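Quick notes on the structure that follows.
Order of the sequence lines sets the chain letters (A, B, ...), proteins ahead of strands, with each chain counted from 1. Note that the structure is predicted; figures quoted are calculated from it, not measured.
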2 protein chains.
Amino acid sequence: MLRRTKKERQRLLSETIAENPFVTDEQLATQFQVSVQTIRLDRMELSIPELRERIKDVASKNYENEVKSLPIDEVIGEIVDIELDNRALSIFDVKEEHVFQRNGIARGHHLFAQANSLAVAVINDELALTVHSNITFVKPVRAGNRVITKAIVIGRDDKNHRTKVEVTSTVNGETVFVGEFDMYRTKGKGE
Amino acid sequence: MLRRTKKERQRLLSETIAENPFVTDEQLATQFQVSVQTIRLDRMELSIPELRERIKDVASKNYENEVKSLPIDEVIGEIVDIELDNRALSIFDVKEEHVFQRNGIARGHHLFAQANSLAVAVINDELALTVHSNITFVKPVRAGNRVITKAIVIGRDDKNHRTKVEVTSTVNGETVFVGEFDMYRTKGKGE
DNA sequence: ACTGATATTAGTACCAAGTGCTAATAACAA
DNA sequence: TTGTTATTAGCACTTGGTACTAATATCAGT
C-alpha cells in the first residue's frame, strides 16, 4: 500500500516547494519516504522546475525589485499633454511593485508622486516647489490600474510667488485621488 | 603585454559581478579575453563566490524579506524605533537622485513617501490606508541631508476605523516638513 | 642575456543537482 | 491472471563550478 496516494503526495510536494524553494530532490525524497526518481517524476508531472531554476527565479525577481525600488526620481508617470501655467495630463500604470504585498492596494506615495510631479511640471518656471498640499485618497488603486491624472492651475498670487494647482486622478473614469497643491515659484508672469 | 593590468581587470571584474551576479566564469573570460582559469584565480583572490552561491545569496535575501512581509520592509527610510499605535521614528538620507537637478532641492514626494510610509507602519493593523492628508513643506531639503521623521498617533475613532497621525520631519533639528495623516484601518483596538 | 617572481593557461579528477532515457519491479483492480 | 499505473534502479550526460598540479608566458632587475 502507498504511504499516501500519489495525488496527495504531489499536493504536499507543491506546497512544500512553494514554502521553501531551496529544498533538493533528495531532501524531498527523504521527507516523503520515496525514491529520488519518484520525486523527479512528480516534479515533471507538476512541471516544477529543478532547484537551481527555482532559486534563480526567486533571485531574479528580487533583482528586478531592487532596481525598481528606487524609480522614484524623475517625473512619475508619463506626461501626455501639457499647457504651461494652465493644465497638464499624465498617465501612470500601477504595477506589482507599487502595491502593498498584503492587500494589493497601491501605496499612497506613488499616487502623491504622480500628482506632485505633475503639479511641478505644469508650473512655467525654473524653480517650482511644493509648499503645502491637501490631499484625499478617495478610492483604492490596484496593480494593473491605469491612473490618469489631471493638473489644473486654479489661482496665482504673483506677489507672494504662489500658484495653486488642483490635481485629480481617475481610474476608468472614477476619481481615486484629489489634491490641492500650493506651489512656490521664483518668477512672476512673463518674466 | 597584458591587455590590462591584473589589478585593473580585477577591479572591473568586481564591478561587473556586482552589477550582474548572474554572469558565469565563461562569460567573464570572454569579456576580459582571458582564460576561465584566470577568472577563477581572480575570484579567489577577491573572494567572490561562485555563480550558484551568488544567486543563492540574492535569492535568500529576497526570501527573508518576503517572509517578513511586514510593512516595515516597504518603508521609505529606515525605521529606528517603533511602538505600534503610538509613535515611530525613521531616518532617510537624501541622495543626488532624490533632488531636482536644477536647484538641488529634494523632490517633495520623497519626503511625503517617508512620512506616509511611517504613518502606515505605525498603525498596528493588517490594513492601513491613507485617506486624507494635509502637509506642509516648511524648508527645502538638499542632497546629503539626513531627514529624521517622527510619527505620533494623536487620535483614534474606532467606530469610523480612523486613526490620526501627526508626522514631523527635521534636518539638524530644524523642521522641514509637517503633515497630518488620516488613516483608515480595518480593525479596532484589541480585536 | 639570465634569473626569479609573478601571471596566465592547461589539464585532470571530482562534486552537486540535476536531465533524459530505458528497463525492471511492485501494487492494485477487475 | 492480465493490464494498468506507480515506483524504483541504473546509466550516460550536463553545468558550473572546486581543488590541485604542472607547464608556459611575461616582465623587471641586474
TODO: Take atom CG of B:L41 and atom P of D:dT21, then tell me their distance rounded to the nearest Å.
DONE: 14 Å
Task: Side-chain N,O (B:R40) to OP1/OP2 (D:dG16) below 4.0 Å - done: no
TODO: Any pair with a residue in residues 165-174 of chain A that passes side chain to side chain donor-acceptor pair (under 3.5 Å), sequence neighbours left out, goes on the list, sorted by first then second residue, please.
DONE: A:T149-A:S169
Task: Listed partners of A:E180 passing salt bridge (charged side-chain N to carboxylate O under 4.0 Å, His left out), at least two apart - done: A:K164
Open item on the list: I need the NZ-C1' distance between A:K56 and D:dG17, as an integer number of Å.
Closed with: 13 Å
Open item on the list: Do A:S35 and A:T38 pair up side chain to side chain, a donor and an acceptor below 3.5 Å, judged on atom types alone?
Closed with: yes
TODO: Using a cut-off of strictly less than 4.0 Å between a heavy atom of the residue and any atom of DNA chain C, enumerate the qualifying residues of residues 42-55 of chain A by number.
DONE: A:R43, A:E50, A:L51, A:R52
Task: Pairing residues for B:T136 by the side-chain contact (heavy atoms from CB on, under 4.5 Å) criterion, not counting sequence neighbours - done: A:H132, B:V138, B:V178
- [ ] Kindly say if B:T38 contacts the phosphate of C:dT9, meaning a side-chain N or O under 4.0 Å from OP1 or OP2.
- [x] yes
- [ ] Whole angstrom is fine here: how far is it from CD in B:E26 over to P in C:dA10?
- [x] 13 Å
Task: Set of residues satisfying salt bridge (charged side-chain N to carboxylate O under 4.0 Å, His left out) with respect to B:D93, sequence neighbours excluded - done: B:R146
Task: Nearest-Å distance for atom pair CG/P, residues B:D25 and C:dT8 - done: 15 Å
Task: Spacing between B:L28 atom CG and D:dG16 atom C1', to the nearest angstrom - done: 12 Å
Task: B:Q37 side chain, from C-beta outward: closest of C:dA7, C:dA10, D:dT8 - done: C:dA10
- [ ] To the nearest 0.5 Å, tell me how far B:I135 CD1 sits from B:F181 CZ.
- [x] 6.0 Å
TODO: Starting at atom CD of B:Q33, determine the distance to atom C1' of C:dT9, rounded to an integer number of angstrom.
DONE: 14 Å
- [ ] Let me know the distance between CZ of B:F32 and C1' of C:dT8, rounded to the nearest Å.
- [x] 16 Å
Task: Residue pairs, two or more places apart or on separate chains, that pass salt bridge (Lys or Arg N to Asp or Glu O under 4.0 Å) and touch residues 108-118 of chain A - done: none
Open item on the list: Tell me the interatomic distance from A:I39, atom CD1, to C:dA17, atom C1', rounded to whole angstroms.
Closed with: 14 Å
